Amino acid sequence: MSQIQSICLYCGSSSNTQDSHRMAARNFGLQLARENISLVFGGGRVGLMGLAADAALEAGGTVIGVIPDFLVDREVGHAACTELITTTTMHERKQKMAERADAFAILPGGLGTLDETFEIVTWKQLGLHNKPIVLVNIDGYWDPLHSLLRHMSAENYVPEAKDDLYAEVTSIDEILPTVRSMPPAQSDLKSKWT
Ligand code: AMP
C-alpha cells in the first residue's frame, strides 16, 4: 500500500474543452487538497492544469508548479502556487516534476500530455522508477490510445506486460484508491533519473 504525499498531474493546456474534463480537473484538485496531498503540475494557469491548481489552492492545498522560464508568459505562470519552480529547459521541467511526485495521474490532454505520459511510462518500463501511474479515461477520451497500443502489441513492438506499467480508471474518485493500492515506490531507484 503506497503512502502518497504528492501526485503529479499531466493534462491539457487548452481552454476550449469539454465541461466534463474541466469538472474532472477541478474535482481532482479539490480531492488532493482535502486529502492533504500536494499537487505537482506544469505551473501554468491555462486549461485543465490551471483549473486543477486553482481548485487545490482555493481548498487550502499545497501546489507545486514547475515551468520553464520561456513558457511563463504563454502558459501564464501561476504566481499563486505554494511553490513555483522555474527551469531553463523542458527536460529539466519534466525531471523536476517526476522527482517531486510519489505518483502520476493523467487526465485528457494534447501532445504535451502525451509526451509527458509516454516518458514517465517508458522510464518505468526501463526500470528507472516504479512509481504508480494512473491513466484517467474520462468519457472514453483515451479509448483511441487503446487501439493504437493493441496494434503495437500485436506487431510485437509493445510487450503485453505494458498493462503492469499503469492502471486505468474512468473517474476522479477512483484515482486515490487505485494509487494507494499499487506497490509503493522504492526510493533507491531515484538516482537513476538522470
Ligand atoms: P498539451 O497537452 O499539449 O496541452 O500540453 C500540456 C503541457 O505539456 C503544457 O504545460 C506543455 O507546456 C507541456 N508540454 C508540451 N510539449 C512538451 C514536451 N515536449 N515535453 C514536456 N512537456 C511538454
Side-chain angles (χ1 to χ4, degrees), residues 4-68 71-85 90 93-94 96-98 100-121 132-148 166-180:
I4 298 294
Q5 290 176 328
S6 59
I7 294 191
C8 175
L9 173 64
Y10 298 138
C11 62
S13 58
S14 170
S15 297
N16 183 22
T17 54
Q18 289 192 39
D19 284 348
S20 61
H21 298 176
R22 297 168 63 77
M23 208 180 302
R26 283 197 59 83
N27 282 343
F28 187 50
L30 200 60
Q31 275 195 12
L32 290 180
R34 281 193 191 132
E35 298 274 339
N36 209 16
I37 295 171
S38 302
L39 168 67
V40 178
F41 84 118
R45 274 207 121 105
V46 290
L48 301 190
M49 44 200 274
L51 291 170
D54 284 342
L57 287 167
E58 281 161 23
T62 300
V63 174
I64 300 156
V66 187
I67 191 163
L71 277 183
V72 167
D73 287 341
R74 197 189 319 165
E75 297 193 352
V76 197
H78 205 313
C81 286
T82 318
E83 189 182 350
L84 186 62
I85 301 167
M90 296 300 272
R93 177 203 226 179
K94 285 191 286 189
K96 281 233 164 358
M97 289 168 77
R100 294 295 295 264
D102 295 327
F104 304 88
I106 301 136
L107 283 177
L111 296 175
T113 304
L114 270 186
D115 175 273
E116 294 166 327
T117 301
F118 277 110
E119 183 161 89
I120 209 64
V121 169
I133 303 171
V134 180
L135 182 71
V136 192
N137 193 11
I138 303 285
D139 286 345
Y141 178 77
W142 292 115
D143 285 353
L145 187 61
H146 295 150
S147 48
L148 175 63
Y166 62 91
E168 182 170 325
V169 300
T170 55
S171 71
I172 293 299
D173 288 348
E174 294 167 89
I175 301 174
L176 294 180
T178 301
V179 164
R180 286 178 173 137

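Because the structure is a prediction, the values reported are computed rather than measured. Just so you know, these numbers use all the heavy atoms, side chains as well, and skip hydrogens, waters and symmetry mates.
Using a distance-only test at 3.5 Å, with no hydrogens or angles considered, no donor-acceptor pair links the side chain of Y141 to the main chain of L107. The main-chain N or O of G42 is found under 3.5 Å from a side-chain atom of R93 such that the two form a donor-acceptor pair. D102 places a side-chain N or O within donor-acceptor distance of the main-chain N or O of S6, the cut-off being under 3.5 Å.
Here the shortest heavy-atom pairing between G65 and C81 reads N-SG, 4.1 Å. Contact detail for A56 and A33: the closest heavy-atom pair is O-CB, 3.6 Å. Looking at every heavy atom in both residues, L84 comes nearest to G43 through CD1-O, 3.9 Å. Summarising the geometry of I138 relative to A24, their closest heavy-atom pair is CD1-CB, 3.8 Å, with the distance given to 0.1 Å. P144 and G140 get closest at one heavy-atom pair: CD-O, 4.0 Å. Scanning both residues, A167 and T178, for their nearest heavy atoms gives CB-CG2, 3.6 Å.
Results of the side-chain contact (heavy atoms from CB on, under 4.5 Å) test with Y166 over I106, V121, T117, I120 single out V121 as the only residue that passes. Among L32, L135, V169, the single residue meeting the side-chain contact (heavy atoms from CB on, under 4.5 Å) criterion with I175 is V169.
Distance check: I67 CD1 to D73 CG gives 9.0 Å after rounding to the nearest 0.5 Å. Here the CG atom belonging to L48 is positioned 12.0 Å from the CZ atom belonging to F41, to the nearest 0.5 angstrom. Here R22 contributes atom CZ and N27 contributes atom CG; the two are 13.0 Å apart, rounded to the nearest 0.5 Å. Here S13 contributes atom OG and L71 contributes atom CG; the two are 9.0 Å apart, rounded to the nearest 0.5 Å. For the atom pair CE (M49) and CG (L9), the distance works out to 8.5 Å, reported to the nearest 0.5 Å. Here the straight-line distance linking atom CD of E119 with atom CE of M90 works out to 10.5 Å at 0.5 Å rounding.
For residues 76-85, the set of pairs meeting the side-chain hydrogen bond (donor to acceptor under 3.5 Å, both in side chains) definition, not counting sequence neighbours, comprises D54-H78, E83-R100.
With a 4.5 Å cut-off on side-chain heavy atoms, Q31 and I37 do not count as touching. Side-chain contact between F104 and E116: absent, with no pair of heavy atoms (C-beta onward) separated by less than 4.5 Å. In this structure the side chain of L145 never reaches within 4.5 angstrom of the side chain of N137, judged on heavy atoms.
Environment of CG in D143: crowded, with over 12 heavy atoms of neighbouring residues, nucleotides or ligands closer than 6.0 Å. The neighbour count for K96 NZ, taken as heavy atoms of other residues, nucleotides or ligands under 6.0 Å away, does not exceed 12. Heavy atoms of other residues, nucleotides or ligands lying less than 6.0 angstrom from CD of Q5 number 12 at most. The local environment of CG in L111 is sparse, with at most 12 non-hydrogen atoms from other residues, nucleotides or ligands closer than 6.0 Å.
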In sequence, state the C-alpha distance, the side-chain angles, and the governing distance for F28 and I7, and then conclude on side-chain contact (heavy atoms from CB on, under 4.5 Å).
CA-CA 10 Å; F28 187 50; I7 294 191; 3.9 Å; yes

